[in-house]
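Just so it is clear, the model here is predicted, and its values are computed rather than measured. Side chains are part of it too, since the values below use all heavy atoms of this structure and drop only hydrogens, waters and symmetry mates.
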Amino acid sequence: MRLIVARCEVRYSGRLNAVLPLALRLLMVKADGSFMVHADSGGFKPSNWMTAPTVIEEIGAPPTRIVVRKRAGATEDLLEIEIADVVSDISHDMGEAAALEKDGVERDLQEALAAAPRFCGEGFRLVRREWPTDIGPVDLMCRDQEDAWIAVEIKRVCTIDAVEQLTRYLERIRRDPAMASCRGVLAAQSIKPQARVLAESRGLACVEIDLAILRGEREPDLTLFAA
């Protein structure tokens, strides 16, 4: 991860245009290509950002201009940072240990569902595991029979916190016009009643997963219907 503290002006163009006037800011560049612009106010949210994958071009040494490009459907998002003065420019190797380790059950569920995404929804096919957003990775990104996008978050036990987490991911994902209609699915071994009510109120689907059935270790229970 690279952290640059610089007095700079930031211009964004793409779906709309925005300008951050000349001021001292923190520029954060992650190894996956995510780029964030922070001010010393506004809480944890960046003033502007670009999610991975991006193309980053630096002009000058130390840089006097940084250009960040991201293809978003038929358009190109562009961040242009004009740097007047660099106060600090440091890089840190975060290493593999920086990645969030899921517990064994969640990791097993993710691996099994990645191999058989149809258990999350009819006709689902996997596009990518650990789909990156600027606030963390979505477990599975899939497409359905209509080629629509679906973000799947996997938990051992689905709680209200899991609903809030997927809601935040979808808010980020839908900022890309090409994925504005992305739907969300919560897949878990157990789903709390309150979480199900909240999820359904937000248009999120809930799917309970039996890991033994998913792995083919036992057959699904038969359901009998009265005549």
Side-chain angles (χ1 to χ4, degrees), residues 15 30 32 34 36 38 42-52 72-73 98-215 220-221 223:
R15 290 158 289 178
K30 292 189 175 182
D32 66 358
S34 300
M36 284 160 281
H38 284 274
F44 65 90
K45 289 188 175 181
S47 304
N48 215 320
W49 67 91
M50 199 85 80
T51 57
L100 176 64
E101 275 295 322
K102 295 181 176 292
D103 69 37
V105 173
E106 283 188 22
R107 186 167 54 249
D108 291 345
L109 277 170
Q110 187 188 104
E111 291 175 355
L113 287 172
R118 66 185 182 280
F119 280 87
C120 298
E122 186 177 356
F124 283 18
R125 65 185 189 277
L126 180 68
V127 175
R128 178 175 172 176
R129 289 177 61 183
E130 302 290 343
W131 181 278
T133 78
D134 57 350
I135 58 172
V138 179
D139 289 326
L140 305 179
M141 185 61 76
C142 300
R143 301 191 90 154
D144 64 13
Q145 292 170 317
E146 306 299 322
D147 218 30
W149 292 98
I150 307 100
V152 181
E153 187 61 23
I154 300 166
K155 300 292 182 187
R156 183 175 61 83
V157 178
C158 178
T159 63
I160 285 176
D161 285 346
V163 178
E164 297 290 359
Q165 182 182 1
L166 181 55
T167 300
R168 291 193 297 270
Y169 286 155
L170 286 170
E171 191 272 333
R172 298 297 198 201
I173 292 167
R174 288 168 178 168
R175 292 185 181 188
D176 182 342
M179 304 181 76
S181 61
C182 182
R183 295 184 285 118
V185 173
L186 287 158
Q189 286 187 303
S190 173
I191 299 173
K192 297 290 187 181
Q194 302 93 328
R196 187 182 292 275
V197 170
L198 181 60
E200 291 175 353
S201 74
R202 294 183 178 180
L204 306 177
C206 295
V207 180
E208 287 195 339
I209 302 294
D210 186 317
L211 189 54
I213 294 175
L214 183 58
R215 288 171 167 170
D221 295 331
T223 302

Worksheet item: What are the two closest non-hydrogen atoms of A151 and L166, and how far apart are they?
Response: O-CD1, 4.1 Å
Practice prompt. Compare all side-chain heavy atoms of V152 with those of P117 and state whether any distance is below 4.5 angstrom.
Written response: no
Fill in: Heavy-atom check, side chain of D134 versus side chain of K30, under 4.5 Å
no
Worksheet entry | Q145 to G123 - nearest heavy-atom pair and separation | CG-CA, 3.6 Å
Worksheet item: Can you check whether L204 reaches L170 side chain to side chain, under 4.5 Å on heavy atoms?
Response: yes
Discussion item. A side-chain contact here means heavy atoms from C-beta on lying under 4.5 Å apart; do Q110 and L140 qualify?
Written reply: yes
Fill in: R107 with D139: basic N within carboxylate O range, under 4.0 Å
no
Response to the item:
d(C142 SG, R125 CZ) to nearest 0.5 Å is 9.5 Å
Item to complete: For E208 and R196, run salt bridge (Lys or Arg N to Asp or Glu O under 4.0 Å): C-alpha distance rounded to whole Å, both residues' side-chain angles, the deciding distance at 0.1 Å, then the answer.
Response: CA-CA 11 Å; E208 287 195 339; R196 187 182 292 275; 3.6 Å; yes
Item to complete: List the atom of C158, the atom of A195, and the distance in Å for their closest heavy-atom pair.
Response: O-CB, 3.6 Å
Worksheet, complete the sentence: Taken to the nearest 0.5 Å, the spacing of R156 CZ from I209 CD1 works out to 15.0 Å
Worksheet entry | R143 charged N/C atom sitting above W149 aromatic ring, 6.0 Å / 45° | yes
Item to complete: Return the minimal non-hydrogen interatomic distance between A162 and K155, and the atom names on each side.
Response: CB-CG, 3.8 Å
Item to complete: Please test R172 against T51 for side chain to side chain contact (heavy atoms under 4.5 Å, CB included), starting from the C-alpha separation and ending with a verdict.
Response: CA-CA 9 Å; R172 298 297 198 201; T51 57; 5.9 Å; no
Fill in: Pair T167-R202, side-chain donor/acceptor within less than 3.5 Å
yes
Discussion item. What I'd like to find out is whether the side chain of F119 reaches to under 4.5 Å of the side chain of V207, using heavy atoms alone.
Written reply: no
Response to the item:
Between E106 and I154, the two heavy atoms sitting closest are OE1-O, 3.8 Å
Worksheet item: Between atom CD of Q165 and atom CD1 of I135, what is the distance when rounded to the nearest 0.5 Å?
Response: 8.0 Å
Item to complete: I would like to know whether I160 and K192 meet side chain to side chain contact (heavy atoms under 4.5 Å, CB included); could you show each step before the answer?
Response: CA-CA 8 Å; I160 285 176; K192 297 290 187 181; over 6 Å; no
Discussion item. Give me the atom names and distance for the closest heavy-atom approach of T133 to I173.
Written reply: CG2-CG1, 4.0 Å
Fill in: Validation row: C182, M141 side chains within 4.5 angstrom (heavy atoms)
yes
